[in-house]
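See below for the structure under consideration.
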Amino acid sequence: SNMGEIVLPRRMFLWCMAVIYLTAFVSLYVQIPGLYGNEGLLPARWQLRYSGKPLVEQLLSSPTLLWLGPRLGLDTHTAMELLCLIGAALSLAATLVEAFRDSVVFFCLWVLYLSMYEVGQVFLYFQDNLLLETGFLCILVAPLTLIRGSRGVREHDRVTFWLIRWLLFRLMFASGVVKLTSRCPTWWGLTALTYHYETQCIPTPLAWFAHQLPVWWQKLSVVGAFVIEIAVPFLFFSPLRRLRLGAFYLQVLLQVLIILSGNYNFFNLLTVTLCLSLLDDRHVYFWLHSKLWSWLCYLLELVVWALVIVGTVISFDLQLDTVKKGISSRTAFTYHQFNLFLKTVTIPSIWIGVLSLTWEMVTSLFRCACVSGFFKRFWGTVQWTVFAGAAASMFAVSLVPFTFIEYDSNSRLWPGVRQAYEMVDRYQVVNSYGLFRRMTGVGGRPEVVIEGSSDGVTWTEIEFMYKPGNLSASPPMLTPHQPRLDWQMWFAALGPNTQSPWFTSLMYRLLQGKRDVIELIQSDVSQYPFHQQPPAYLRAHRYRYWFTESKADGSVLSGSPHASLCLHALKKESALWKHFTVRGVPAHTLIWTLIACSATFCLVQGLRHKNKDVEKPSDAHKATATDRTENAADGSSSDHHEKSDEQQADEEDDKEADSEDEVEEEGEEENEVDEEDEDEERIEKR
């Protein structure tokens, strides 16, 4: 097998992306009536002013297919539901059938999701820009079979797949860096995690246990997070594959721990999917050993990890604490020193990117040159030119948002790159990242509690399905669903109510008793206290919440209300609208059922192919090992009729291994979730 083939990781990546798109579309679809319906919180039709301009002008001013709504006689939010359903159907097809994991299909998925994003306003500002950027890269990474017909490995595949690695680097490195550049005392004091589990957006049941861990462990965890987010990402570009694989396992470890301790929808799933760009076929299949060389590599790798450990010990002053029976830690560098470090590494990190991309380009050009047959070689080179150009431009443009973390480096960028970035900025093709800039809720977790009353005397709390409210309810496990209203309530609690104009809209809709909005709060409407008769009065209090101490058995503890806001009843109106959905089924249950069924389907398909293999042993024996890996590389599709039996047998074998891998992979990622951070960054931006 060729040393660094990436056929399997690439196929796993595309499968996972199909699953994530499926999750995102279904999760959003069930919330559209309440969020964007005409009686929802932020009706989508307010976003699109139909001025009678030509369609092209409208699309340029706001790139969304929803402009086609009126031409098809559809209301804006009905059009949103339609686009979401098409997106869900397409991504389900891509999850189940390899032929659909195609460049054209990924282009459609990207356009559909961008169409939602454009009118999604405040409720689509979380992980959605990362999904759009990764989704755009999928268009370059996926094979173009629907048009070209063949599913062979293309020489430039490694160049486009490299862009995924670069995106992962930007995401992780920036997430680590902003924690320190924000000068947040909890990150500098390494105490952030003593607050995080309690104050994050929607904790999981395990967050309570994580919160009980000793302080020295919480501080060490922060040190670990800094190392995994700031130091380790540089190993993504290491020519030594085991360093890349080590980096892969550390990133996956971090994401799995985040998934277990917090509900961050598909965000961590997406991050683990990006990590697949660090793998190669050899790692997914089996290990090759050449003794002396591998020992030298082991030694070098040990030295690298030892340097990482020594650097960590020095930077965070790690010492054995005999009194507390633990390891003490503190930030042993100043803001000024960190800024100097950042100035020193930002530009070199760009050069590392340039060298790494150039290496991928040169090696793939060399592969083009090795193809036999003039026409094939020429066609391969033409394609290489196009895709290498695309990869180089994506890389160049991404440098603008990447260098936002360091002002001087940003100002040193070539102006042409900045102009290109301004041109593509609105399409969310490249973004700046940096999660959990500042730790919130340091003095207790703020939480807005809404209460309703029919007489203004007795008040009943309106409980949300997911966010903390009732003191005796334990936190939920929802990944990868994202309850967008519950998330937004978390932000509302952090700022004054003037920052959340949608909140007034929420109160208004509850006073009107709008079912679509009520379903965002309780998908089983009978659980909603005012399902028979809307309240005449509503009020909102801000409380502070803390986890209970480990002696007790509850999960949260509340403090006193801070500010409150009362609204009076408004005239009630009635409306009829039929929304195709599974009434009363919680969205996260629906999403999990879909994922489980798709994964089972793929697994069964794989096993069926394996059994076919067993039935024709004579053919299977004919195939040599080299044959196998080439096929694994080529055949990832259903154009079997063109192939000989033995090739087919082989290929299916590979496919089987592949889909099992993918399913396992998914298993790890599925549980995913991510950070408050992204949003805080969004808030700051806005």
Side-chain angles (χ1 to χ4, degrees), residues 1-18 20 94 98 101-103 105-107 110 130-131 133-145 151-172 233 235-239 241 244-245 247-248 251-252 270-285 352-368 380 383-396 398 429-430 629 632-634 636 654 658 661-662 665 669:
S1 114
N2 203 317
M3 280 296 281
E5 287 301 347
I6 46 129
V7 178
L8 292 179
R10 183 166 144 267
R11 283 164 65 185
M12 287 158 65
F13 170 78
L14 293 172
W15 186 80
C16 294
M17 283 306 296
I20 290 168
E98 182 140 33
R101 275 171 267 177
D102 181 272
S103 196
V105 173
F106 278 110
F107 175 73
W110 179 76
L130 178 65
L131 178 57
E133 177 163 355
T134 315
F136 187 79
L137 294 179
C138 285
I139 303 169
L140 299 177
V141 171
L144 189 61
T145 18
R151 288 192 73 87
V153 173
R154 304 165 303 175
E155 279 67 29
H156 58 257
D157 280 341
R158 302 190 46 161
V159 179
T160 49
F161 202 43
W162 178 90
L163 286 170
I164 306 291
R165 207 189 305 174
W166 174 245
L167 170 58
L168 178 65
F169 173 76
R170 286 164 43 218
L171 171 68
M172 297 316 298
L235 301 177
F236 296 172
F237 307 110
S238 150
R241 62 189 287 276
R244 290 200 302 275
L245 296 173
F248 166 80
Q251 299 301 327
V252 171
L270 193 46
T271 311
V272 173
T273 302
L274 292 174
C275 291
L276 295 174
S277 61
L278 301 173
L279 297 178
D280 54 24
D281 282 2
R282 199 169 115 205
H283 193 66
V284 177
Y285 266 144
I352 290 175
V354 170
L355 289 171
S356 185
L357 176 59
T358 310
W359 169 254
E360 296 292 351
M361 284 176 158
V362 171
T363 48
S364 65
L365 182 60
F366 179 70
R367 286 166 182 231
C368 288
Q383 285 190 71
W384 178 89
T385 314
V386 173
F387 281 95
S393 347
M394 286 295 293
F395 173 74
S398 78
V429 169
V430 288
T629 44
D634 280 353
S636 14
D654 290 323
D658 192 16
D661 257 303
E662 296 174 344
E665 195 47 58
E669 300 162 31

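Just so it is clear, the structure is predicted and the values come from calculations on it, not from any experiment.
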Item to check | Ser103: partners by side chain to side chain donor-acceptor pair (under 3.5 Å), with sequence neighbours left out | outcome: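 Not a single residue meets the side chain to side chain donor-acceptor pair (under 3.5 Å) criterion with Ser103.
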Item to check | Partners meeting side chain to side chain donor-acceptor pair (under 3.5 Å) with Gln251 (sequence neighbours left out) | outcome: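 Partners of Gln251 by the side chain to side chain donor-acceptor pair (under 3.5 Å) criterion come out as none, since no residue qualifies.
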Checklist entry - Going through the checks in order, is the side chain to side chain contact (heavy atoms under 4.5 Å, CB included) test met by Leu278 and Leu245? => result CA-CA 6 Å; Leu278 301 173; Leu245 296 173; 5.9 Å; no
Item to check | pair Pro233-Leu168: side-chain heavy atoms closer than 4.5 Å | outcome: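 They are not in contact (no side-chain heavy atoms under 4.5 Å apart), so the answer is no.
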Item to check | Counterpart residues, ring-ring contact (aromatic ring centres under 6.0 Å, His included), relative to Phe387 (two or more places apart) | outcome: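 Partners of Phe387 under the ring-ring contact (aromatic ring centres under 6.0 Å, His included) test: His156.
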Checklist entry - Which residues satisfy the ring-ring contact (aromatic ring centres under 6.0 Å, His included) test with Phe169, sequence neighbours excluded? => result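 Residues passing ring-ring contact (aromatic ring centres under 6.0 Å, His included) with Phe169: Trp166, Phe173, Phe234, Phe237, Phe402.
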Checklist entry - Going through the checks in order, is the side chain to side chain contact (heavy atoms under 4.5 Å, CB included) test met by Met17 and Phe13? => result CA-CA 6 Å; Met17 283 306 296; Phe13 170 78; 3.7 Å; yes
Test your reading of the model: is there a side-chain donor-acceptor pair from [X] to the backbone of [Y], 3.5 Å cut-off?
X: Trp110; Y: Leu137; answer: no
X: Ser356; Y: Ile352; answer: no
X: Arg10; Y: Val141; answer: yes

Item to check | Partner set under salt bridge (charged side-chain N to carboxylate O under 4.0 Å, His left out) for Glu133, not counting sequence neighbours | outcome: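 So Glu133 forms a salt bridge (charged side-chain N to carboxylate O under 4.0 Å, His left out) with Arg170.
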Checklist entry - Residues two or more places apart in sequence or in another chain: which of them pass salt bridge (charged side-chain N to carboxylate O under 4.0 Å, His left out) with Arg244? => result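 Result, salt bridge (charged side-chain N to carboxylate O under 4.0 Å, His left out) vs Arg244: none returned.
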[X] and [Y]: which non-hydrogen atoms are nearest, and at how many Å?
X: Phe106; Y: Ala142; answer: CD1-CB, 3.7 Å
X: Arg11; Y: Arg101; answer: O-NH1, 4.5 Å
X: Asp281; Y: Val7; answer: OD1-N, 3.0 Å

Next on the checklist: side chain to side chain contact (heavy atoms under 4.5 Å, CB included), that's the test. Do Leu279 and Ile6 meet it? Break it down for me.
Outcome noted: CA-CA 7 Å; Leu279 297 178; Ile6 46 129; over 6 Å; no
Next on the checklist: Pair Leu14, Glu98 - check side chain to side chain contact (heavy atoms under 4.5 Å, CB included), show working.
Outcome noted: CA-CA 9 Å; Leu14 293 172; Glu98 182 140 33; over 6 Å; no
